[in-house]
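Positions are given from 1 along the sequence. Computed over heavy atoms, backbone and side chain alike; hydrogens, waters and symmetry mates excluded. A quick note: this is a predicted structure, and the numbers were derived from the prediction, not measured. Counting starts at 1 for both ligands and their atoms, in listed order.
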Amino acid sequence: MALLQIAEPGQSADPHQHKHAVGIDLGTTNSLVAVMRSATATALPDEQNRVSLPSVVRYLENGEIVVGYDAKQQAQLDPLNTLVSIKRCMGRGLEDVKDMPYEFEDSQEGMVQIKTVQGNKSPVEVSAQILKVLAKRAELSVGGKLDGVVITVPAYFDEAQRQATKDAAKVAGLHVLRLINEPTAAAIAYGLQSQHTGHIAVYDLGGGTFDVSVLNLNAGVFEVLSTGGDTALGGDDFDLALVEYFKKKANIGEKLTPSERRHLLTEACRVKEALGFEKKVLARFSTTQGSWQGHVSLEEFNELILPLVVKTIRTIKRVIKDSGLSKDQIDQIVMVGGSTRTKLVREKVSEFFEKDVLTSINPDEVVALGAAKQADLLVGNASSDELLLLDVCPLSLGIETMGGLVEKIVNRNTTIPVARAQEFTTFKDGQTAMAVHVVQGERDMVSDCRSLARFELRGIPPMAAGAAKIKVTYQIDADGILTVSAVESISGISSEITVKPSFGLDDDTVIQMLQDSQSFADEDKDARQLAETRVEAERVIEAISAALKKDGKALLNEEEFNNLDLTVAELKMVLYKQDEKTIRQKMDQLTHDSDEFAQRRMNAGVKAVLTGKSVNEI
Ligand code: ADP
Ligand code: MG
């Protein structure tokens, strides 16, 4: 038995409850978590108001695990059990991580394990520790469990590295809505997707790594055209260059102790950051090998780091070439990573492109902020006007209704994920089952669409036709998986099915289906009208036959009864003619002829009610 629609099309399912979703930048040096608050993405701070969490995990002999700033401070003390830059090991084998200072062991899964006092640890477990700390921070802030997270990964990450990142989230007990590329997240943070088309270069200079990507934006969807970089170049190298400068000034040779070296590095980092807003900065340090106090000017610092910055520009040139574009085709340049605060970096990149570069969003946070926006959208919090066009369903998804007609539930080009619901009811008195037929396409008749799935909702309690309320929900998740569910609201019985609408659907088929929907538009309109009139006529037949059976003999004389019975039979006969007008005429005649009968039934009904009650009650 098919369905009748009783609610307006296009109504959304229950207004969503606000869900808790966050974006996480799982960085090599630092990690962050951000959330959408009153339509703005905000990075979440720890109790000491620091938003960055150093991506450092220390395993202690007593079983304790320390993550973040404290672990970073203890790195010198216990280098083999304090794991930094673990991101470099994700999804990697022994061959790939030879240069790292840990004791590795190969594992059968192909990913290295790191020997610690707490036994062998996989990079997945270590990353999970960082994610756990960020998740806890977020849960405290949003006041509840997280429904989902978006985690960013470098654009060049391969499948193994992405899978390892997903596994880390699983170990941390998090539900990953999606992994997105770091450069894409940065572009989203700047809202660039709203420009619909363009070419974007993302320049990401972090602590120890440099990445540059060229993105193509088309219809709001980002695609990575090319990537490149240097896994051994970052802001830490600026610090090292300054340390060399200090050593020269103080006539220090190579004989510094590790803690003295750390002391010089810390001072170098302070001076570097201060030169972001001052022309010259006073540096001072003392070691057993020598001391120095003096001003470092911006010019001197720039001279020290110039070769490093020039190196990044050479990489940009190569990556642009790989993208098949020329430099003047790049519309926007997004600056990402703490080291892009360095003045010379901004100047040189802007000079190269002969354009202003985007720096207004905090470069440490921009990736996490974009991820938070994306998470909010994927979990279904964003309202439709702030939707980012990411994935759309190429063809409408609908349901078969009475008369072989299609009722569209999700229109084509709707951004996914999406959930839409419509209410239907039963057609016959006592109907206990309903067939749900899921179809795809733009045409009005089921026979012209692609059939995706069928299922039945059984066990509807017998009720009068039209009394049952069956809510059918179409939900498409971020991966394009469609779940159709049907729930009868009085009894609560439900049934559902899951399908992948894109399965077996190539681009040519989609184009053909769209063309057909245009060229058959008029025919479809006629077919729809015919089918709708048929459904209406069937309902009239159904209702009058039932009434005749029940009260016909009591309320009509023999002639009246036979006349009405005959008209019903005549309507049944024309019902399957391809002629809408004839069906309508017969139906109109039947409703007209049955007027008197309906009147008598109403009067009899009122009388029945009246006789059932005492005089006082009236
Ligand atoms: P990653 O992506 O590798 O985790 P980040 O984006 O957090 O790294 O960048 C960390 C680097 O940014 C460090 O080398 C740090 O010294 C540098 N940095 C942070 N603030 C500034 C600043 N104001 N000026 C210059 N460099 C900075
Ligand atoms: Mg980063």
Which atoms of ligand 1 are found less than 4.0 Å from any heavy atom of [X]?
X	value
G337	6 (O)
T28	4 (O)
K272	14 (O), 15 (C), 16 (O), 17 (C), 25 (C), 26 (N)
T29	1 (P), 3 (O), 4 (O), 8 (O)
G235	14 (O)

Quiz item: Is there at least one pair of N or O atoms, one from G338 and one from ligand 1, spaced under 3.5 Å apart?
Solution: yes
Exercise. Examine D204 against ligand 1 and note whether any of their N/O atoms are separated by less than 3.5 Å.
Key: no
Quiz prompt | Heavy-atom nearest neighbour of atom 23 (N) of ligand 1 within options K343, R341, E365 | solution = R341
Exercise. Would you mind finding which of V367, V345, D236 brings a heavy atom closest to atom 14 (O) of ligand 1?
Key: D236
Among all the protein's non-hydrogen atoms, which is closest to [atom], and how far away is it?
atom	answer
atom 19 (C) of ligand 1	E273 OE2, 3.5 Å
atom 7 (O) of ligand 1	N30 ND2, 2.9 Å
atom 10 (C) of ligand 1	G207 N, 3.5 Å
atom 2 (O) of ligand 1	G206 CA, 4.0 Å
atom 25 (C) of ligand 1	T342 OG1, 3.5 Å

Quiz item: With no hydrogens and no angle check, is any side-chain donor or acceptor of K272 less than 3.5 Å from a backbone partner on G235?
Solution: yes
Quiz item: Okay, side chain of T342, backbone of S339: is any donor-acceptor separation there less than 3.5 Å?
Solution: yes
Exercise. Please work out whether the ring planes of H263 and F285 are parallel, tilted or perpendicular, with thresholds of 30° and 60°.
Key: perpendicular
Quiz item: Just wondering, more than 12 heavy atoms not from Q293 lying within 6.0 Å of its CD?
Solution: yes
Quiz prompt | Greater than 12 external heavy atoms within 6.0 Å of N62's CG | solution = yes
Short N-O contact, [X] and [Y], less than 4.0 angstrom:
X	Y	value
K115	E105	yes
E139	K145	yes
R341	E365	no
E354	K327	yes

Quiz item: ligand 1 versus C269, non-hydrogen atoms closer than 4.0 Å: side chain, backbone, both, neither?
Solution: side chain
Quiz item: Non-hydrogen atoms of G234 versus ligand 1: any pair closer than 4.0 Å?
Solution: no
Exercise. Please say which of V33, I86, I130, L32 ends up in a side-chain contact (heavy atoms from CB on, under 4.5 Å) with L26.
Key: I130
